[in-house]
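Please read the structure below before turning to the comments.
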Protein chains: 2
Amino acid sequence: MTETKIKILEAAEVEFADNGFNGASIRNITQRAGVNIASINYHFGSKESLFREMFHFRFDPINEVRLSRLREEQELRGGAPVPLELVIRILVVPVFELLLSEADQPPPRFVLAVARCLSEPLELFTRLGREVFQEVYETFFSAIRDAQPQADVKQVRLQLNFAVSSMVGMLTHFSRIEQFAGDPLFHRQKDEILQQFITFITSGISGCVAVNSQHEVR
Amino acid sequence: MTETKIKILEAAEVEFADNGFNGASIRNITQRAGVNIASINYHFGSKESLFREMFHFRFDPINEVRLSRLREEQELRGGAPVPLELVIRILVVPVFELLLSEADQPPPRFVLAVARCLSEPLELFTRLGREVFQEVYETFFSAIRDAQPQADVKQVRLQLNFAVSSMVGMLTHFSRIEQFAGDPLFHRQKDEILQQFITFITSGISGCVAVNSQHEVR
DNA sequence: GCTAGGTTCAAACGATCGTTTCAAACAAAC
DNA sequence: GTTTGTTTGAAACGATCGTTTGAACCTAGC
């Protein structure tokens with residue numbers, strides 16, 4: 001990969017994270033990268049293709065980690081379902097450990113860039129989201145279903161929808177909601193927040209099943 | 001309120017919901033409303049002010065409902081804390097019953113408009129979010145804290161952050177994530193989805209406290 | 001040294017953006 | 001009927017957008 005291409009990708013992360021997709025401008029990106037305006041269309045083809053390439057470049061490895069870690073656990077158990085909390089942990093950690101980086105170094109911006117751009121209602125992002133996350137979605141859907149034999153399929157689908165929405169919402173709105181409280185929450189350890197979030201989603205999901213089972217028993 | 005102003009507000013909801021704030025254009029809004037381009041600046045001053053007015057116009061009544069219902073329950077109990085699930089229900093229902101409207105009528109668009117625009121990283125929306133939601137945030141923060149005497153303040157703040165993120169994420173991404181599954185989830189009754197979501201958040205929050213209490217016991 | 005292919009550059013393209021202008025149309029008051 | 005203040009209209013403003021152009025530049029390979 002050319003040096004110019006790398007510089008553009010790095011600058012694009014920051015620009016997309018700060019301004020969203022529609023708000024980001026080719027001129028700002030190239031200026032930040034210290035390259036010529038035309039180089040984006042030369043190296044990537046268009047603004048959309050630039051985002052697509054940044055998206056894949058950053059999230060494909062993350063998703064591979066998620067899939068391989070889950071498969072490790074599954075093989076380790078030889079057929080027995082992976083516990084729900086562990087499934088959620090494997091889904092959450094690879095992304096959120098990047099957001100909640102240590103205090104001495106700034107968090108990578110591409111997580112925010114992707115989360116914020118995916119919130120924009122462009123048709124492009126519907127396609128891109130599927131392109132990048134479809135396999136992860138289906139694999140973890142099966143794992144969550146396996147972990148809860150008593151839940152029906154539609155319920156699990158709803159649960160995963162809740163979980164993913166929470167995750168994207170957290171990425172997009174954490175810093176902003178944080179400001180409601182006046183002082184930041186990051187005094188807490190990164191690992192503690194991460195664990196609390198995993199617990200939040202896990203408890204939320206298993207709470208749904210518990211309540212629903214009660215309904216069926218009645 | 002003038003007829004023109006109302007027509008603009010209605011058109012703006014659709015345009016903002018479909019394209020976000022940066023993606024929405026004054027020309028599309030006025031064209032959809034059937035009014036002159038200049039009328040937005042005449043009646044509202046600017047695109048930003050138009051959004052601000054739409055935001056307040058729609059969400060101030062919703063927030064008043066949330067606050068008054070919570071106070072009703074509090075007075076009904078005369079000092080005793082309102083149960084967590086009921087607090088969450090009062091927070092969630094006034095907004096989500098609009099999103100999950102019945103099949104025979106399309107859902108109002110301003111909910112999506114606000115959720116999507118608030119996801120855009122413009123400084124404007126940090127201010128606007130506080131302007132509209134600060135009081136609700138603080139009031140429900142107290143109620144959630146009261147409902148869980150064993151939880152400490154910072155933990156409750158984190159929980160509310162999780163809850164609000166989930167809510168905004170749900171509004172923004174529900175329809176898109178739904179498409180991962182192939183067929184829509186809305187076969188289920190509106191009330192059932194709503195109850196499941198309330199249970200998800202409630203269980204998530206109380207799950208955090210339970211785990212944390214265990215930690216402290218050790 | 002020359003050529004060929006890949007890369008960068010300044011400049012411009014057409015389109016669209018939010019906003020402004022100012023005259024025309026309108027309504028209500030006297 | 002005239003006046004006054006409010007609302008609409010067509011047109012244009014300056015700015016910025018993503019993209020394209022075509023010449024200049026650079027670096028291997030011969």
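We name chains A, B, ... by the order of the sequence lines, and we start the count at 1 in each one. In what follows, every heavy atom counts, from backbone to side chain, and hydrogens, waters and symmetry copies are set aside.
At whole-Å resolution of the value, OH in A:Tyr42 and P in D:dA23 are 17 Å apart. Across the protein-nucleic acid pair, B:Asn41 atom CG and C:dC22 atom C1' stand 15 Å apart, rounded to whole Å. Rounded to an integer number of Å, the gap from B:Arg27 CZ to D:dA11 P is 14 Å. Rounded to whole angstrom, the span from the CG atom of A:Asn28 across to the C1' atom of D:dA15 amounts to 14 Å. Between B:Ile40 atom CD1 and C:dT19 atom P the separation is 9 Å, expressed in whole Å. D:dT7 atom P lies 13 Å from atom CE of B:Met1, rounded to whole Å. One can place NZ of B:Lys47 at 9 Å from P of C:dC17, the figure rounded to the nearest angstrom. Whole-Å rounding puts the B:Asn22 CG to D:dA15 P distance at 20 Å.
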For A:His43 and A:Thr4, what are the C-alpha separation, side-chain angles and deciding distance, and is it a side-chain hydrogen bond (donor to acceptor under 3.5 Å, both in side chains)?
-> CA-CA 9 Å; A:His43 286 284; A:Thr4 305; 4.7 Å; no
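Put simply, B:His43 has no side-chain N or O that comes within less than 4.0 Å of OP1 or OP2 on D:dT6. OP1 or OP2 of C:dA10 sits under 4.0 Å from a side-chain N or O of A:Asn36. Remark: B:Thr4 is in phosphate contact with D:dT8, judged by side-chain N or O atoms under 4.0 Å from OP1 or OP2.
Of the candidates B:Lys7, B:Arg32, B:Arg58, B:Arg58 is the only one forming a salt bridge (charged side-chain N to carboxylate O under 4.0 Å, His left out) with B:Glu13.
When each of C:dG18, D:dT20, D:dG9 is scored by its nearest atom to the side-chain atoms of B:Ala38, the top-ranked nucleotide is D:dG9.
Counting non-hydrogen atoms of neighbouring residues, nucleotides and ligands closer than 6.0 angstrom, the CD atom of B:Gln31 reaches no more than 12 such neighbours.
Between B:Ile26 and A:Thr2, the residue anchored closer to the 5' end of DNA chain C is A:Thr2, taking for each the nucleotide with the nearest heavy atom.
As judged by a 4.0 angstrom heavy-atom cut-off over every strand, A:Ile37 is placed among the base-contacting residues. Nucleic acid contact for B:Ser25: sugar-phosphate only, since backbone atoms but no base atoms lie under 4.0 Å from a heavy atom of the residue.
Within the cation-pi definition used here (under 6.0 Å to the ring centroid, within 45° of the axis), A:Lys5 does not qualify as a partner of A:Phe57.
Without hydrogens or angle criteria, B:Lys47 side chain to B:Ala24 main chain gives a donor-acceptor distance under 3.5 Å.
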